[in-house]
2 protein chains.
Amino acid sequence: MRTETVENYLKTIYNLSADNTAVVANQQLADKLDINPASVTEALRKLHELKYVIYEKSYGTRLTTAGVKMALNIVRRHRIWETYLVKELGFGWDEVHVIAEELEHVKNDKLINKLAEILGNPVFDPHGDPIPDAKGKIQKSNFIKLSEAKSKNNYKVMGVTDHSTAFLKYLDKHHLVIGAGVTIKTIEEYDNSIVLICQKKEVNISPKAAECIIVQTI
Amino acid sequence: MRTETVENYLKTIYNLSADNTAVVANQQLADKLDINPASVTEALRKLHELKYVIYEKSYGTRLTTAGVKMALNIVRRHRIWETYLVKELGFGWDEVHVIAEELEHVKNDKLINKLAEILGNPVFDPHGDPIPDAKGKIQKSNFIKLSEAKSKNNYKVMGVTDHSTAFLKYLDKHHLVIGAGVTIKTIEEYDNSIVLICQKKEVNISPKAAECIIVQTI
DNA sequence: ATTAATTTTTAGGCATACCAAAAATAATAA
DNA sequence: TTATTATTTTTGGTATGCCTAAAAATTAAT
Ligand SMILES: [Mn+2]
Ligand SMILES: [Mn+2]
Ligand SMILES: [Mn+2]
Ligand SMILES: [Mn+2]
């Protein structure tokens, strides 16, 4: 049974479980999927029976090898579609996520591989997230969150972890797009808000926003 | 409620009701959708309540204005995707129908219009079926079925009404692709099978196949 | 006009995927 | 450690969309 529901659960468990080491709580899933916790319990019991997850009652859930495999496949589809929508069809990075949420469920890997080929087998999507290859292999990176950046250093924006239209439009406004170079001017000790320079202009970044911007030292 | 199920019923009723004049029988729907007649009865009662169809018990069903509108929108999506898959992504005309059956349900008209624009707003899909424009307007044509063709006349292949891979591959084998010119050599009086010339080669067409090939006089 | 065949509808069920409310567990604070 | 809060699970329902078997209605054949 590989329903859209199953695909969405596995993808979400994958996304919530950093490095696939951490166990995912029911509550986290309920929040992300916008579903009642009672329904999550039910679903996890079924996914456990299907051998896609190891669900330990009242403790947490992690993916099995089969679960990871399917999750990677869906994540690949999602990110390839996002990239295609931006690069080939002219959509903005702030509008592709919702569309990809639907397109990712179209069951045809030849289609995905064709799109990937046209795109030159990209390794990162428009939000800087790594795209698994057809075999499920993912490019490793040494990116950090902007909230972990040090004063006076120079960085390049590599990605975001919040895919909401509101956040991405806010970034666009301040030219904080992928590839942009930024210099940390000051970090406010009191609340960790950051003042940085981007395109010669000062931008004030809240700690919350800094958590969602991924950068690399340059 | 615009579920995938509703979309599939409306699209199928539209496709079965030539010119939107004929009433569609439950049986026809059951056959096309590969669903039990009892389920069809149920579904039609609901669609009637939703005001998408006028369903007269034990008589037949036709689309309301709202129903036609939605059907045309789905048909447009389906045919635009088929065209895009063939023209831009290199798929064969025999493999795109099943993929489009899924893609047609992705709810984003900006996406469809973008694809249409890239394709130059095509008016016919890879099987010769007319593509409704964004407003639902359809190009009229004076095509006939090959089964209605007359001996000694010349025709151009304009489309097919059977979208199965088997049939399309059979046509490919005899070079009976869209745009191909054919001459009717003889029509067997006994069973109406046709012998035609295509690319200087004789091809024997069964009455069943002739029903599914659409041509235009040249 | 009957009979026979086909189609449609009704009736009773089943699986999936969700929910709200209450009970049980676990985590945190006092 | 006990009390409070938060999370998880159980229980009992709902809506959708499908099914089979049997009854009713329609259509076709004799
Ligand atoms: Mn999804
Ligand atoms: Mn992304
Ligand atoms: Mn469909
Ligand atoms: Mn077509």
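Naming: A, B, ... by sequence-line order, numbering from 1 per chain.
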TODO: Tell me, please, which residues at least two apart from A:D109 pass salt bridge (charged side-chain N to carboxylate O under 4.0 Å, His left out).
DONE: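 For A:D109 the salt bridge (charged side-chain N to carboxylate O under 4.0 Å, His left out) partners, ignoring immediate neighbours, are A:R77.
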Open item on the list: Using the salt bridge (charged side-chain N to carboxylate O under 4.0 Å, His left out) criterion, which residues pair with A:E88? Sequence neighbours excluded.
Closed with: none
Task: Counterpart residues, side-chain contact (heavy atoms from CB on, under 4.5 Å), relative to B:V123 (two or more places apart) - done: B:Q139
TODO: Would you please name every residue forming a side-chain contact (heavy atoms from CB on, under 4.5 Å) with A:D34, sequence neighbours left out?
DONE: none
What pairs with [X] under side-chain hydrogen bond (donor to acceptor under 3.5 Å, both in side chains), at least two apart in sequence or on another chain?
{"X": "A:H163", "answer": "A:D129"}
{"X": "A:Y84", "answer": "B:Y84"}
{"X": "B:S206", "answer": "none"}
{"X": "B:K145", "answer": "B:E211"}

Task: Pairs meeting criterion ring-ring contact (aromatic ring centres under 6.0 Å, His included) with involvement of residues 22-63 of chain A, two or more places apart - done: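 Found none.
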Open item on the list: Treating primed atoms plus P, OP1 and OP2 as sugar-phosphate and everything else as base, which nucleotides of nucleotides 8-16 of chain D get B, S or - for protein heavy atoms under 4.0 Å?
Closed with: SBB-----S
Task: Start and end of chain B contact along DNA chain C [non-hydrogen atoms, under 4.0 Å] - done: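 Going 5' to 3' along DNA chain C, contacts run C:dT7 to C:dT10.
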TODO: Spell out, as yes or no, whether a donor-acceptor pair under 3.5 Å connects the side chain of A:T64 to the backbone of A:K51.
DONE: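 Side chain of A:T64 to backbone of A:K51: a pair is present.
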Task: Terminal axis angle for the helix from C:dA1-D:dT30 to C:dA30-D:dT1, five pairs an end, nearest 10 degrees - done: 0°
